[in-house]
Protein chains: 2
Amino acid sequence: MGSNGTDIAARLADASRPGCGIERTLKVLDGKWTTLIIRELLTGPKRFGELRTALGDPSAKTLTDRLRSLEHQQILTRTVYAEVPPRVVYELTEQGHSLGDILYAMLVWGETHPLEDA
Amino acid sequence: MGSNGTDIAARLADASRPGCGIERTLKVLDGKWTTLIIRELLTGPKRFGELRTALGDPSAKTLTDRLRSLEHQQILTRTVYAEVPPRVVYELTEQGHSLGDILYAMLVWGETHPLEDA
DNA sequence: GCATATGGTTTCCCTATGGGAAGCAATGGG
DNA sequence: CCCATTGCTTCCCATAGGGAAACCATATGC
């Protein structure tokens, strides 16, 4: 299955509890749609409306909140084109793109895990 | 930084949206302390009280909820020793242990990411 | 003039979540 | 007889998250 669990355990034992790397990552990926937003953007830049549709219609407020938060944390960039009607494109930064490793691990795990219905 | 982002993007594009592997993983890792519980257990079995202390005192109610949920999803096992006072030991299953790949990716990312203060 | 399209923002509200405190079981020890 | 210990469980409350809907800006098409 996974790689060598023993090495991982060693690294994890090292990670001092208060504010370890995992906790910092969790803070970035916090919130209901955050991780899925990144999933969508890993396949390329997208507009606000495209994201909304692809995710299955989260409320505009929530989506805005998440995008703003991710922008503030340098995970993605927000580009406004002064057209009418307006066009806003969201795109992952280098930092944001590097989250792909985590998402990929999640994808692999989720696909092999027999899911118990809640 | 990460591995080849292009391959990952391809895999991600494949993943059909409704209930893809990532979403299933997110469902398992849902809740405030869930991921950190797994971090603690990756270094070996722990008792209820040990977990509570290591995590920084989440409420007993919340910790119980998380542990029950993870047990139900076959991520960990709960062993009660009929002693007085009681002793309850939590240990990751094979499935739970395999989450280590995800946590490891989070650890690496978090350590290299310059964190913006919220 | 007015509707339409787009990407928001803002306000209001409801639910879910998580925390705190207290109770409880069971037994050995003082 | 009472207390301490451990791992809950139950109840209650405060907060935060997230959804619905209304509003705004602007230029084009009718």
Side-chain angles (χ1 to χ4, degrees), chain A residues 17-18 22-23 26-41 44-73 75-92 117-118, chain B residues 17-18 22-23 26-41 44-73 75-92 117-118:
Chain A
R17 299 303 161 272
I22 292 176
E23 290 180 32
L26 288 174
K27 213 170 292 179
V28 173
L29 295 181
D30 191 40
K32 195 175 184 184
W33 301 94
T34 310
T35 306
L36 298 180
I37 289 171
I38 294 171
R39 179 191 68 186
E40 293 306 321
L41 292 182
K46 296 225 173 0
R47 300 180 56 171
F48 184 87
E50 288 179 297
L51 280 173
R52 248 195 117 176
T53 303
L55 294 173
D57 266 331
S59 74
K61 170 180 175 273
T62 303
L63 186 51
T64 304
D65 285 354
R66 295 295 169 272
L67 290 170
R68 284 291 189 285
S69 168
L70 291 172
E71 183 192 7
H72 183 248
Q73 290 171 98
I75 301 303
L76 51 80
T77 58
R78 177 173 181 269
T79 310
V80 183
Y81 293 87
E83 304 170 356
V84 168
R87 182 164 57 104
V88 181
V89 174
Y90 296 91
E91 180 167 17
L92 290 181
D117 51 335
Chain B
R17 300 301 159 271
I22 293 176
E23 289 180 31
L26 288 174
K27 213 170 293 180
V28 173
L29 294 183
D30 190 42
K32 194 173 184 185
W33 300 96
T34 310
T35 306
L36 298 181
I37 289 171
I38 294 170
R39 178 190 69 185
E40 293 306 320
L41 292 181
K46 295 226 173 2
R47 299 179 57 172
F48 184 87
E50 288 178 297
L51 281 173
R52 249 196 115 177
T53 302
L55 294 173
D57 267 329
S59 73
K61 169 179 173 277
T62 303
L63 184 51
T64 306
D65 285 353
R66 295 295 169 271
L67 290 170
R68 285 291 192 287
S69 167
L70 291 172
E71 182 192 8
H72 183 248
Q73 290 172 98
I75 302 302
L76 51 79
T77 58
R78 177 172 179 270
T79 309
V80 183
Y81 293 88
E83 304 169 359
V84 169
R87 183 164 56 104
V88 182
V89 174
Y90 296 91
E91 182 167 15
L92 290 182
D117 51 336

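Chain letters run A, B, ... following the sequence lines, proteins first and then strands; every chain starts at 1.
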In whole Å, what is the span from the CG atom of A:L67 to the C1' atom of C:dT9? 14 Å
Interatomic distance, A:R87 CZ vs C:dT6 C1' [rounded to whole Å]: 12 Å
Between CG of A:L63 and P of C:dT9 the distance, given in whole Å, is 10 Å
Below the 4.0 Å mark, does C:dG7 have OP1 or OP2 next to a side-chain nitrogen or oxygen of A:R78? no
Using a cut-off of strictly less than 4.0 Å, decide whether A:T64 has a side-chain nitrogen or oxygen near OP1 or OP2 of C:dT9. yes
Go through the structure and list residues passing side chain to side chain donor-acceptor pair (under 3.5 Å) with A:T34, not counting sequence neighbours. none
Once you round to the nearest 0.5 Å, how far does CD of A:E50 lie from CG of A:L41? 10.0 Å
Choose from C:dG19, D:dC8, C:dT9 the nucleotide whose nearest atom is closest to any side-chain atom of B:W33. C:dG19
Taking atom P of C:dG7 as reference, at what distance in whole Å does atom CD of A:E71 sit? 16 Å
Report the distance from atom OH of A:Y81 to atom P of C:dG8, rounded to the nearest whole Å. 13 Å
Report which part of the nucleic acid B:Y90 touches: base, sugar-phosphate, or nothing (heavy-atom distance under 4.0 Å, all strands). sugar-phosphate
Nucleotide by nucleotide, nucleotides 20-30 of chain C touches protein heavy atoms under 4.0 Å in the pattern (B base, S sugar-phosphate only, - none) B-----BB---
Strictly distance-based, threshold 3.5 Å: is any side-chain N or O of A:R52 a donor or acceptor partner for the main-chain N or O of A:P58? yes
From NZ of B:K32 across to P of D:dG17 the rounded distance in Å is 10 Å
Please state whether the phosphate of C:dT6, meaning OP1 or OP2, lies under 4.0 angstrom from any side-chain nitrogen or oxygen of A:R47. no
Once rounded to the nearest 0.5 Å, what's the spacing between atom OG1 of B:T62 and atom CG of B:D57? 11.5 Å
Rounded to the nearest 0.5 angstrom, the CH2-CG distance for A:W33 and A:D65 is 13.5 Å
Taking B:E40 for its side chain and B:I37 for its backbone only, find out whether a donor-acceptor pair lies under 3.5 Å. no
To the nearest angstrom, the CD-P distance between A:E50 and C:dG8 comes to 12 Å
Return the value, rounded to whole Å, for the distance between atom CZ of A:F48 and atom C1' of C:dG7. 6 Å
Considering only NZ, NE, NH1 and NH2 on the basic side and carboxylate oxygens on the acidic side, decide whether B:E91 and B:K46 come within less than 4.0 Å. no
